[in-house]
J.: 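The structure's right below; bear with me while I get my questions together.
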Amino acid sequence: MSPDLAQLRAEALAAIDAAENLDALKGAESQYLGKKGALTALLRSLGTLSAEERPAFGKAVNDAKVDVTTRLEAREEKLSGVALADALEGGPFDPTEPGIPPLVGNLHPITQVTHELVDIFEGMGFSQCDGPEVEFEWFNFDALNIPASHPARDTQDTFWLDDGNCLRTHTSPTQLRAMLKLGAPLRVIVPGRCFRNEAVDATHEHTFYQMEGLMVDRDISVAHLIYVMKTLLREILGKDPKIRLRPGFFPFVEPGFELDVHDPFDSGEDKWLEILPCGMVHPEVLRFGGIDPEEWTGFAFGLGLQRLAMLRYGITDIRDFTGGDRRFLRQFRRA
Ligand code: FA5
């Protein structure tokens, strides 16, 4: 290699290495390999050489060109990576910077409340059961002591299906399914989705969640019902609840109650809040469930899960639960 060519090659490689960005690299490329570049000019000058000199010099220039091109490509790859990282990071790439945390989801507040309730009841020996959302009329109404002519059917506007079945209007039909399957004694809870053909407003949804509870054993009385309800509320509220039972009418319990709690979330107001309907299982319902009411008694309750979550978190519109607004849902993220 002639001294001129060797020097030109070294200069070109040094210029490439010194290029700090893609623009500078382009400049170096055109300086040496462009139409009017120094290496290109040397290649062009081959024609002026004698036939003996030409092959060796041509090979030397070509080798130098390959070296420069290879170095150029490597540098371009490196600088492109830096440019991409700069673009992504909005500044020079710092590999020691902590990464961008991934967007982690969280359980829906109703799911969280359900898990909590299931934990509390499992601690009291209840097991969790499930039932179908499309229910037979018999389970949803008749076996719960609500025959077709009964006015109580009107209070639960029902989505009827063409085949005569319905979307369950409450989780109570699972009381019957549990009794028929498990027999007495039993302790079950049934969290699940219910449906009513109701006008939707801030406190009513057409699709909502309840949790049914049923305990059947010997000599079960209202005292057991109160004990279990108070234990539940103590766990949820984190304090000893002041409760009262008012008469409530449901054909499948006798007596039936509305259970109210006094100022459950410490607002300082002297007011009672209706929390859950409950009562002693009607003997007729036990009979439908294949259980002898002379030998066994029981209590049942039906907790509205959205209503409970609304009270607990101060949510004023039930539609927020299904609105899909991530800002609402992300408030329930737990560390
Ligand atoms: C019942 O559904 C009875 N099955 C409860 C029951 C079970 C009583 C066992 C006695 C023994 P009710 O229709 O009141 O009762 O509904 C119970 C709870 O479900 C209500 O307190 C409320 O919290 C919730 N709920 C009822 N309708 C809706 C609705 N449209 N939107 C949201 N929550 C509702």
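When a ligand or atom number is given, it counts from 1 through the structure's own listing order.
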J.: May I ask you to identify the nearest protein heavy atom to atom 31 (N) of ligand 1, giving residue, atom name and distance to one decimal place in Å?
T.: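 In this structure, atom 31 (N) of ligand 1 has Glu205 N, 3.0 Å as its nearest protein heavy atom.
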J.: Closest by any non-hydrogen atom to atom 13 (O) of ligand 1: pick that one out of Arg168, Glu212, Arg196, His170.
T.: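 Result: the heavy atom closest to atom 13 (O) of ligand 1 is in Arg196.
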J.: Number the atoms of ligand 1 from 1 as they appear, then name those within less than 4.0 Å of a heavy atom of Gln210, with their elements.
T.: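 Every atom of ligand 1 under 4.0 Å from some heavy atom of Gln210: 1 (C), 2 (O), 16 (O), 17 (C), 18 (C), 19 (O).
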J.: Is the closest basic N to carboxylate O distance between Glu274 and Arg307 below 4.0 Å?
T.: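 Between Arg307 and Glu274 there is no salt bridge, as every charged N stays at least 4.0 Å from the carboxylate O atoms.
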J.: Would you say the side chain of Val253 lies within less than 4.5 Å of the side chain of Cys278, judging by non-hydrogen atoms?
T.: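 Cys278 vs Val253: side chains apart.
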J.: Note the single closest protein heavy atom to atom 24 (C) of ligand 1, along with its residue, its atom name and the distance in Å.
T.: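 I find the closest protein heavy atom is Gly304 CA, 3.8 Å.
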J.: Considering heavy atoms of the protein only, find what lies nearest to atom 25 (N) of ligand 1 and give residue, atom and distance to 0.1 Å.
T.: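 Ranked first by proximity to atom 25 (N) of ligand 1 is Phe208 CE1, 3.6 Å.
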J.: Would Gln306 count as a contact of ligand 1 if the rule is a heavy atom under 4.0 Å away?
T.: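 The answer is no: ligand 1 sits nowhere under 4.0 Å from a heavy atom of Gln306.
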J.: Provide the number and element of each atom of ligand 1 under 4.0 Å from a heavy atom of Ile318.
T.: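 It comes down to these atoms of ligand 1: 32 (C).
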J.: What's the separation between atom CD in Glu73 and atom CZ in Arg75, rounded to the nearest 0.5 Å?
T.: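 If we round to the nearest 0.5 Å, Glu73:CD and Arg75:CZ are 14.5 Å apart.
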J.: With heavy atoms only and a cut-off of under 4.0 Å, state how Gln175 meets ligand 1: side chain, backbone, both or neither.
T.: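 Only the side chain of Gln175 comes within reach of ligand 1.
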J.: With atoms numbered from 1 as shown, which atoms in ligand 1 lie under 4.0 angstrom from a non-hydrogen atom of His204?
T.: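 Every atom of ligand 1 under 4.0 Å from some heavy atom of His204: 30 (N), 31 (N).
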J.: Starting from atom 15 (O) of ligand 1, what is the nearest protein heavy atom, named by residue and atom, and what distance separates them?
T.: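 The protein heavy atom lying closest is Phe250 CE2, 3.5 Å.
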J.: So which protein heavy atom does atom 5 (C) of ligand 1 come closest to, and at what separation?
T.: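 Protein heavy atom at minimum distance: Pro277 CG, 3.7 Å.
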J.: With heavy-atom distances below 4.5 Å as the criterion, would you say the side chains of Phe57 and Leu42 are in contact?
T.: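 Sidechains of Leu42 and Phe57: in contact.
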J.: Would Phe252 count as a contact of ligand 1 if the rule is a heavy atom under 4.0 Å away?
T.: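 So Phe252 counts as touching ligand 1.
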J.: Tell me the contacting part of Cys194 for ligand 1: side chain, backbone, both, or neither, using a 4.0 Å heavy-atom threshold, strictly below.
T.: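 The answer is neither; Cys194 stays 4.0 Å or more away.
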J.: Taking distance alone, with N or O pairs closer than 3.5 Å, would you say Ser172 contacts ligand 1?
T.: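 Yes, since at least one N or O of Ser172 sits under 3.5 Å from an N or O of ligand 1.
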J.: When you measure from the heavy atoms of Gly256 to every atom of ligand 1, does any distance fall below 4.0 Å?
T.: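 The answer is no: ligand 1 sits nowhere under 4.0 Å from a heavy atom of Gly256.
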J.: If you measure from each heavy atom of His206 to ligand 1, is any distance below 4.0 Å?
T.: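 Under 4.0 Å: no for His206.
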J.: Determine, for Arg71 against Asp67, whether the closest basic-nitrogen to carboxylate-oxygen distance falls under 4.0 angstrom.
T.: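 Salt bridge absent between Arg71 and Asp67.
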J.: Rounded to the nearest 0.5 Å, how far apart are CG of Asn140 and OG1 of Thr174?
T.: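 Reported to 0.5 Å precision, the distance equals 9.0 Å.
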J.: Under 4.0 Å between a side-chain nitrogen and a carboxylate oxygen: does that hold for Arg193 and Glu205?
T.: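 The answer is no: the pair does not qualify as a salt bridge.
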J.: Are Glu284 and Arg287 within salt-bridge range, i.e. N to O under 4.0 Å?
T.: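 Yes.
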J.: Using side-chain heavy atoms (C-beta onward) and a distance below 4.5 Å, is Arg234 in contact with Asp240?
T.: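 A side-chain contact under 4.5 Å exists here.
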J.: Would you check if there is a donor-acceptor pair between the side chains of Asn21 and Asp23 at a distance under 3.5 Å?
T.: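 No, no side-chain donor-acceptor contact under 3.5 Å.
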J.: As an exercise, state the distance from CZ of Phe257 to CD1 of Ile226, rounded to the nearest 0.5 Å.
T.: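 It comes to 7.0 Å.
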J.: Counting non-hydrogen protein atoms only, what is the nearest one to atom 22 (C) of ligand 1? Give residue, atom name and distance.
T.: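 Closest protein heavy atom to atom 22 (C) of ligand 1: Arg307 NH1, 3.2 Å.
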J.: Is any NZ, NE, NH1 or NH2 atom of the basic residue among Arg312 and Glu116 found under 4.0 Å from an Asp or Glu carboxylate oxygen of the other?
T.: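 Result for this pair is yes, salt bridge flagged.
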J.: List ligand 1 atoms under 4.0 Å from Glu198, heavy atoms only on the residue side.
T.: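 Here the atoms of ligand 1 in question are 29 (C), 30 (N).
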J.: Below a 4.0 angstrom heavy-atom separation, can you tell me which part of Phe301, side chain or backbone, both or neither, approaches ligand 1?
T.: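 The part of Phe301 near ligand 1 is the backbone, not the side chain.
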